[in-house]
Structure formats: structure tokens, C-alpha cells
Novice: 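One structure, pasted below without further comment.
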Amino acid sequence: MTFYKFNYESFPNIKVIFNGKVNNEDLDELFTEWLDIYKKRANFNIIFDITKIESPTVYFAYKMANFIKTLRQQKPQYYKNSYIISQNSKILKFLLNVTFSISKPVSNVYIYWKEKDENVNVNNIMDIYRTNLFKFNFISNK
């Protein structure tokens, strides 16, 4: 079973939920499916829920940063925005910082640092974004 699941039901907003331990084989499959989105030839956003990811590593951040470089080469660029729901943890903040320090994001990135008891998920994050933008950390793709 992979550590991620794509949901295309709300296209152009694609939901990707990470659950469990990251492994390299699944990571390559994740990247392949992500690239396949470009075959739709339509603008899209991705909403990531990484609150249940287990044991992310610096290697995972490095692989993600290198993949971002691949995404940047896609022409035309359909990937517009990323919304990331993350546990408010030092390790995840560090890993996201490492990722975006190695490679600027392809899309604008909005990160919501979820507290333990908050009801924030891929189904309500866009409503929160529209009404409480100040709760997000913004990382520009410029």
C-alpha cells in the first residue's frame, strides 16, 4: 500500500493525502502520477495533507526538491497553487524549508500549520483559505 493517495474528484483542485511511512519506490510512483496530471492540459492546484506522514527524512526533502526542478521544466506550466496542511512540528517545518531552499516551488505555496485539535482537512482547507488567508504561510514561486 502506498503512502499517498490522489483524488481528482474536485479537479482542478487535486487532493493528495499522505498516510504512513515514506518509501523510495512509492516516491517514484508519486512523481510519475504527479507528472501525468500535465497530460490533462489544464490548470490545476494540489492540496496536500501531510498530517499523517510518518518518518519523513532529509532524503525525502532532497528527492522532492529535485522533482520540483523536473516540474519547472514542464511547458506550458499548468500547476498554479499548492496548499499544504501540515502538523505544526519542527521537523516538518525544517523539511519543507530544506525542500524549498534547494529548489523554489513551481507554484505558489500556502502552508497551513495545523494544531492537534483543529478540524482542518483537504475538504475544508479552501474555505479556510478564502476566509482566513492570514493563517497560511506563503512561499512565492518567483
Novice: Is there a side-chain contact between Phe48 and Val122 in this structure, where contact means two heavy atoms from C-beta onward sitting under 4.5 Å apart?
Specialist: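 Side-chain contact under 4.5 Å: no.
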
Novice: Please determine whether side-chain contact (heavy atoms from CB on, under 4.5 Å) holds for the pair Asn19 and Lys5, giving the CA-CA distance in whole Å, both sets of side-chain angles, and the decisive distance to 0.1 Å.
Specialist: CA-CA 8 Å; Asn19 189 0; Lys5 182 173 184 347; over 6 Å; no

Novice: Give a yes or no on whether Ile139 and Leu96 share a hydrophobic cluster (residues Ile, Leu, Val, Met, Phe, Trp, Tyr; joining criterion: side-chain heavy atoms under 4.5 Å apart).
Specialist: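 Yes.
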
Novice: Look at the side-chain heavy atoms of Ile, Leu, Val, Met, Phe, Trp and Tyr, link any pair under 4.5 Å apart, and say whether Phe31 and Val22 land in one connected group.
Specialist: yes

Novice: Nearest 0.5 Å, what's the CD1-OG distance between Ile46 and Ser107?
Specialist: 7.5 Å

Novice: Could you walk me through whether Trp113 and Lys93 pass side-chain contact (heavy atoms from CB on, under 4.5 Å), step by step?
Specialist: CA-CA 9 Å; Trp113 300 108; Lys93 286 181 179 181; 3.3 Å; yes

Novice: What pair of heavy atoms forms the shortest contact from Ile53 to Leu92, and how long is it?
Specialist: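 Here Ile53 and Leu92 meet closest at CG2-CD2, 4.2 Å.
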
Novice: Without hydrogens or angle criteria, can the side chains of Asn23 and Asp26 be said to hold a donor-acceptor pair below 3.5 Å?
Specialist: yes

Novice: Side chains of Val109 and Phe100: closer than 4.5 Å at any heavy-atom pair?
Specialist: yes

Novice: Lys114 side chain to Val120 main-chain N or O, any donor-acceptor pair under 3.5 Å?
Specialist: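 Here the side-chain-to-backbone pair exists.
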
Novice: Which distance, rounded to the nearest 0.5 Å, do you find between the OG1 of Thr51 and the CD of Gln87?
Specialist: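 Between atom OG1 of Thr51 and atom CD of Gln87 there are 6.0 Å.
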
Novice: Is it the case that atom NZ in Lys69 sees more than 12 heavy atoms from other parts of the structure closer than 6.0 Å?
Specialist: yes

Novice: Ignoring hydrogens and angles, tell me if any N or O in the side chain of Arg130 forms a donor-acceptor pair with the backbone of Ile125 under 3.5 Å.
Specialist: no

Novice: What heavy-atom pair brings Ala42 and Tyr78 nearest, and what distance separates the two atoms?
Specialist: O-CB, 3.2 Å

Novice: Cation-pi check for Tyr8 against Lys40: NZ or CZ below 6.0 Å from the six-membered ring centre and within 45 degrees of the axis, yes or no?
Specialist: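 Cation-pi check for Lys40 and Tyr8: passes.
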
Novice: With distance as the sole test, does Asn45 use its side chain to make a donor-acceptor pair with the main-chain N or O of Asn81 at under 3.5 Å?
Specialist: yes

Novice: How far apart are the C-alpha atoms of Leu95 and Val58, what are their side-chain angles, what is the distance that settles it, and do they pass the side-chain contact (heavy atoms from CB on, under 4.5 Å) test?
Specialist: CA-CA 6 Å; Leu95 291 174; Val58 172; 4.0 Å; yes

Novice: Going only through I, L, V, M, F, W and Y residues with side-chain contacts under 4.5 Å, is there a path from Leu133 to Phe138?
Specialist: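 As far as the 4.5 Å side-chain criterion goes, Phe138 and Leu133 are connected within one cluster.
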
Novice: Please round to the nearest 0.5 Å and tell me the distance separating atom OG of Ser55 and atom CZ of Phe60.
Specialist: 11.5 Å

Novice: What distance separates Ile128 CD1 from Asn119 CG, expressed to the nearest 0.5 Å?
Specialist: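 Ile128 atom CD1 to Asn119 atom CG measures 7.5 Å (nearest 0.5 Å).
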
Novice: Restricting to non-hydrogen atoms, name the atom on Ile50 and the atom on Ile84 that form the minimum distance, rounded to 0.1 Å.
Specialist: CD1-CG2, 3.9 Å

Novice: Tell me if a side-chain donor or acceptor on Glu33 pairs with a main-chain N or O of Leu30 at a distance below 3.5 Å.
Specialist: no

Novice: About how many Å separate CD1 of Ile85 and CG of Asn121, when rounded to the nearest 0.5 Å?
Specialist: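 Here the rounded value is 6.0 Å.
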
Novice: Do you know which two heavy atoms are closest between Ile68 and Lys104, and how far apart they sit?
Specialist: CG2-O, 3.1 Å

Novice: Above 12 or not: heavy atoms from other molecules or residues under 6.0 Å from NZ of Lys52?
Specialist: no

Novice: Verify, without hydrogens or angle tests, whether Asn43 (side chain) and Tyr79 (backbone) share a donor-acceptor contact under 3.5 angstrom.
Specialist: no

Novice: Identify the heavy atoms of Ser103 and Ala65 that sit nearest to each other, and give their distance.
Specialist: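 Here Ser103 and Ala65 meet closest at CB-O, 3.4 Å.
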
Novice: Are Phe3 and Glu54 close enough that some pair of their side-chain heavy atoms sits under 4.5 Å apart?
Specialist: no

Novice: Could you give me the CA-CA distance, side-chain angles and deciding distance for Asp36 and Thr32, then say whether side-chain contact (heavy atoms from CB on, under 4.5 Å) is met?
Specialist: CA-CA 6 Å; Asp36 284 347; Thr32 298; 4.2 Å; yes

Novice: Kindly compute the distance separating OG1 (Thr2) from CZ (Phe18), expressed to the nearest 0.5 Å.
Specialist: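 With rounding to 0.5 Å, OG1 (Thr2) is 10.0 Å from CZ (Phe18).
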
Novice: With hydrophobic residues grouped by side-chain heavy-atom distances under 4.5 Å, do Phe11 and Val16 end up in a single group?
Specialist: yes

Novice: Given the rule that I, L, V, M, F, W and Y join up when any side-chain heavy atoms are under 4.5 Å apart, are Met64 and Ile47 in one cluster?
Specialist: no

Novice: Parallel, tilted or perpendicular, judged at 30° and 60°: which one describes the rings of Phe44 and Tyr38?
Specialist: perpendicular

Novice: Regarding Lys142 and Asn108, do their side chains bring together a donor and an acceptor under 3.5 Å, going by distance alone?
Specialist: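 No, no side-chain donor-acceptor pair sits under 3.5 Å.
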
Novice: Evaluate the ring-ring contact (aromatic ring centres under 6.0 Å, His included) criterion for residues Trp34 and Phe67: first the C-alpha distance (whole Å), next the side-chain angles of each, then the deciding distance (0.1 Å), finally the verdict.
Specialist: CA-CA 10 Å; Trp34 195 335; Phe67 179 68; 5.1 Å; yes

Novice: Less than 4.0 angstrom from a charged side-chain N to a carboxylate O is my criterion; do Lys63 and Asp28 meet it?
Specialist: yes

Novice: Classify the ring geometry of Tyr83 against Tyr110: parallel below 30°, tilted from 30° to 60°, perpendicular beyond 60°.
Specialist: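 Aromatic pair Tyr83/Tyr110 classed parallel.
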
Novice: Could you tell me which non-hydrogen atom of Leu35 sits nearest to which non-hydrogen atom of Gln74, and how far apart they are?
Specialist: CD2-NE2, 3.7 Å

Novice: Starting from the C-alpha separation in whole Å, work towards a yes-or-no answer on side-chain hydrogen bond (donor to acceptor under 3.5 Å, both in side chains) for Lys116 and Asn88.
Specialist: CA-CA 8 Å; Lys116 199 176 219 178; Asn88 192 2; over 6 Å; no

